[in-house]
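Before any comments, here is the structure.
All chains are named by letter (A, B, ...) in the order of the sequence lines, taking the proteins before the strands, and each is independently numbered beginning at 1. Model, not experiment: these values are computed from the prediction.
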Amino acid sequence: MEVYNHKAIEKKWRDYWETNQTYKVDLDSDKPKFYCLDMFPYPSGSGLHVGHWRGYTLSDVWSRYKRLQGYEVLHPMGWDAFGLPAENDAIQKGIHPTVSTANNIANFKRQLKEIGAMYDWELEIDTTDPEYYKWTQWIFLQMYKHGLAYRQEMPINFCPSCQTGLANEEVVGGECDRCGTPVEKRNLKQWMLRITKYADRLLESLKTLDWPEKVLKMQEAWIGRSEGAEIIFSLDNSEQKITVYTTRPDTLFGATYMVLAPEHPLVEKITSASQKSEVEAYIQKTESKSAVERMASKEKTGVFTGAYAINPVNGKKIPIWISDYVLIDYGSGAIMAVPAHDERDYEFAQEFDLEIIPVIQPELGEVPELPFVLDGKLINSGVYDGLTSAEAKEKIVADLKAKNLAEPTVKYKMRDWVFSRQRYWGEPIPIVHCETCGEVPVNEEDLPVRLPDVENYQPSGSGESPLATITDWVNTTCPKCGGPAKRETNTMPQWAGSCWYFLRYTDPKNNNELASKERINKWTPVDLYVGGVEHAVLHLLYARFYTMFLKDIGVVEYDEPFTRLFNQGMITKDGAKMSKSKGNVVNPDELVEHYGADSLRMYQLFIGPPEIDAEWMDSGIEGVYRFIQRVWNLFQRSLADLPEPTKESERLRHRLIATVTERIESFKLNTAVSAFMEYLNQVGNKVDRQSLETLTILLAPMTPHLAEELWQMLGNQPSVFDAQWPEADPDLLIDELVTVAIQVNGKTRGTVEVAVDAAEDDVKAAMADITAVKNALEDKQIVKTIYVPGKILNLVVR
RNA sequence: GCCGGGGUGGCGGAACAGGUAGACGCUACGGACUUAAAAUCCGUUGGGCGCAAGCCCGUGCGGGUUCGAUUCCCGCCUCCGGCACCA
């Protein structure tokens, strides 16, 4: 009997697939399509660890499964290759990013090939390829022309370590998402994308997506829609007006003071002479605090400005304070404070002994302890007394609006996207600055604006990109007037290339458009998108925004790029995420060497529910390896002397088809693997040819190399992936005999084997000789019987 | 604080729609094969009592609904992830 030799088998079939182009996709096929996409990786220097494999295995299983079901499957791979590590290598080691990127890609590709995934490498894309980023730049130009890309000087988040500006989405808890350095605020002239114009659409169409609840919630929270009103307060002894934003106009009578953000432009103008020094000191103190420090303390601080505002509903004079609990970049940077009904205002009022007037009470019950932040019924609110919060919100705003003092307003937490980076290794922003014409977009036919070679990659840190020193490149002529002009030296953020890459795979070599209309319409949107949850608000939000814009300019015909999203769980080692610095990385190369790619693939699936984090165990892969050998040995034994199919073997075979299909469909891949193991335990020493063939096809998505070999051993022509996924015969799924549990007062006392359609009396007859049942029934009276055919018979006794 | 996901044997985990809790795998133990070991194969493996038949307990904790609850309801504890002064 031949011994299972994973090395020989896996090599043989990888070569076969490559030579025969088994995974070549016919992009113009007439078959039904299935687009299964992995989030493409940044090709880092450290290579793939087993955690990366999990997602790739999952998507590959699905792709192969769909192919066996007769779909033309697009399952491509590429590289999101712009990024800081390559640039940092360039700075430290002088290796050109193009070189290190190419090396890293080669290594990643080797590892990905070892997984045995069915990628069609003809469709490979690379975001740093000028033929690719030409279209990234093209999209930017379209946005520019549609007023969605604009340049503005404003305080932005700046990472002093990465030496570049960051988008809000890249700041986590006041720290740089990439390197953990506390971010600073810097006033820089930045390119921005008007993503906020799409806020409502991005929020609304979340409802249409088959995505994990968690991601939908995270995006919803990030967009942060709130409905309220802007209300204009006039000042006492001044012509100035202050606009505040509130979601609780019903509490307006309880507004006993007002707070401006320290950075608010009016602060300077309204501060009284006597308060001036104190106010200035406070502003300075606020500015010196980092975002982290400012967030760390929730204790309320602030200073009175000496000015007063007039509450528009009752003419009451209220003091104006400044405090850092009011943020300059949300709403209008100013609030009306209602301490009786807002926790923060309450704390502040307590701290500085300001007036607290309750104006809302619960519709039922007592006047509660303050602050009472829920809706209720109005009190102390003049003519509005007795209205509910909902009624009052509407009425008060309407009445003020009639006097031009209020406007219903919707606000979002999401901000426009800070889109420029002061770094080298990114797509140049295709804009030219002309002395006479100002900002001029590069002509589309002049794209791509290529990244020039530089001597020194070191960012200046002053908000200038290293590109600024390449005078040959910077100095150009104006596309409009032909006069002298300078190129924009900022580059795009890493997210730019990944916002639309799924389109390019459908037509990666197209020189005339980012992809042809036909291909886009045939293949996209993506049917299944597999990747980690870390991109929940970054990549996935940006890509949705791009897609909506591309729809608006007629490139695509849908709003949403990814119909279904699956987030695979992390693989941990010693309870922690794998990382080089922790030294807990499990290297797949050694495991492939020792157990083979099929074993590793199958263990990745068996390790636990695919969406849940799982702890890596070396002994686990042993079990799967043993299983594969048992399959191998079953084939060896059976083929030496094939038995005929029996009723039982057919029943087991069809049940396996049904179970495996159902478990793949529902993403319960861990239990799909155990279904195979159970089958093997039940099927005995040898099985018939039909059973072996079915088993081979069912195994193929998980262990493709093994399946090809078994398929050939059965005398079939390769490839097994040209076979047809079997269908279960429903008649064979019904058991003739079933086990029914006998319960007394809900406690199981034994089981009986009866025919599927056994009547209650048959079961009662069959249970007669079970001692435990007899014991439990002794001296008791049966008062009720519950019979669930095929499941239980429960006797209720007294 | 808010949102999301968890808590089941020694371990990873299973249980479709309220119906035999612990499938499947790992570990451990016992046995077969072997001069021996590895590999392989067979058996046992939630805890307790018992020679056995069998009995009791058991899905984070406390209640409830039900003939019957890991599953449904109420109130907690705890772990992980996300957000966090957004007016």
Side-chain angles (χ1 to χ4, degrees), chain A residues 3 172-174 212-218 220-222 224-226 228 244-248 251 259 261 294-295 297-300 323-327 329-338 341-345 347-348 411-415 533-534 536-537 569-570 572 575 603 606-609 611-624 626-627 629-630 633 659 662-663 666 668 670-681 739-752 771-772 775-776 783-788 790-797:
Chain A
V3 174
V172 177
E213 195 58 29
K214 178 180 180 167
V215 177
L216 295 176
K217 280 276 158 60
M218 281 169 78
E220 190 185 321
W222 187 262
R225 185 180 200 272
S226 77
V244 303
Y245 173 70
T246 179
T247 55
R248 294 296 303 273
T251 63
V259 187
R294 196 163 158 173
M295 269 188 299
S297 162
K298 302 252 159 156
E299 261 163 52
K300 297 289 174 287
S323 170
D324 65 1
Y325 84 90
V326 175
L327 309 173
D329 53 2
Y330 184 76
S332 58
I335 62 159
M336 62 178 220
V338 185
H341 305 292
D342 181 280
E343 279 173 26
R344 296 148 304 177
D345 297 345
E347 273 177 44
F348 192 83
K411 294 271 181 213
Y412 300 92
K413 288 186 204 174
M414 186 172 68
R415 309 294 147 79
V533 75
E534 65 272 18
V537 284
M570 211 168 50
T572 58
Y603 178 52
F606 190 57
I607 195 167
E611 71 281 7
I612 307 273
D613 292 351
E615 169 75 8
W616 179 268
M617 285 195 309
D618 286 326
S619 57
I621 193 170
E622 289 273 359
V624 171
R626 277 203 276 266
F627 164 76
Q629 293 186 71
R630 287 176 63 209
N633 293 336
T659 311
E662 180 197 306
R663 291 180 181 179
S666 57
K668 293 181 175 169
N670 53 327
T671 62
V673 175
S674 63
F676 285 117
M677 293 171 166
E678 277 176 82
Y679 177 76
L680 219 64
N681 290 342
T739 309
V740 172
I742 309 300
Q743 302 182 336
V744 179
N745 286 346
K747 248 182 196 148
T748 303
R749 296 294 171 177
T751 60
V752 292
T771 320
N775 290 350
V783 293
K784 194 175 171 188
T785 308
I786 295 119
Y787 178 46
V788 183
K791 300 274 187 191
I792 55 112
L793 176 75
N794 188 13
L795 305 164
V796 185
V797 301

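One cannot find a donor-acceptor pair under 3.5 Å joining the base of B:rC3 and the side-chain atoms of A:K214. Contact annotation: side chain of A:E622 to base of B:rG25, donor-acceptor pair absent below 3.5 Å.
Taking atom P on both B:rG60 and B:rA69, the two are 15 Å apart, rounded to the nearest angstrom.
The aromatic rings of A:W616 and A:Y603 sit perpendicular, their planes meeting at an angle over 60°, well past the 30° parallel limit.
Between the side chains of A:Y330 and A:S226, at least one donor N or O lies within less than 3.5 Å of an accepting N or O. Between the side chains of A:D345 and A:Y325, a donor-acceptor pair is found at a separation under 3.5 Å.
You'll find that the side chain of A:T739 is closest to B:rU20, out of B:rA87, B:rC24, B:rU20.
With the nearest nucleotide of RNA chain B identified for both A:E615 and A:M677, A:E615 has the one nearer the 5' end.
Interatomic distance, OG1 of A:T785 versus CG of A:N794, reported as 8.5 Å (0.5 Å rounding).
Between the CG atom of A:D345 and the P atom of B:rC85 there is a distance of 14 Å, given to the nearest Å. As a whole-Å value, the separation of A:I607 CD1 from B:rC11 P is 17 Å. Going from atom NZ of A:K668 over to atom P of B:rG13 covers 15 Å, rounded to whole Å.
No contact: A:D329 has no heavy atom under 4.0 Å from any strand. Residue A:K747 is in sugar-phosphate contact alone, with no base atom involved, counting any heavy-atom pair closer than 4.0 Å across all strands shown.
Counting only Watson-Crick and G-U wobble pairs whose two key distances fall under 3.5 Å, RNA chain B forms stems of three or more stacked pairs at B:1-7 with B:77-83, B:10-12 with B:24-26, B:28-32 with B:40-44, B:46-49 with B:54-57, B:60-64 with B:72-76.
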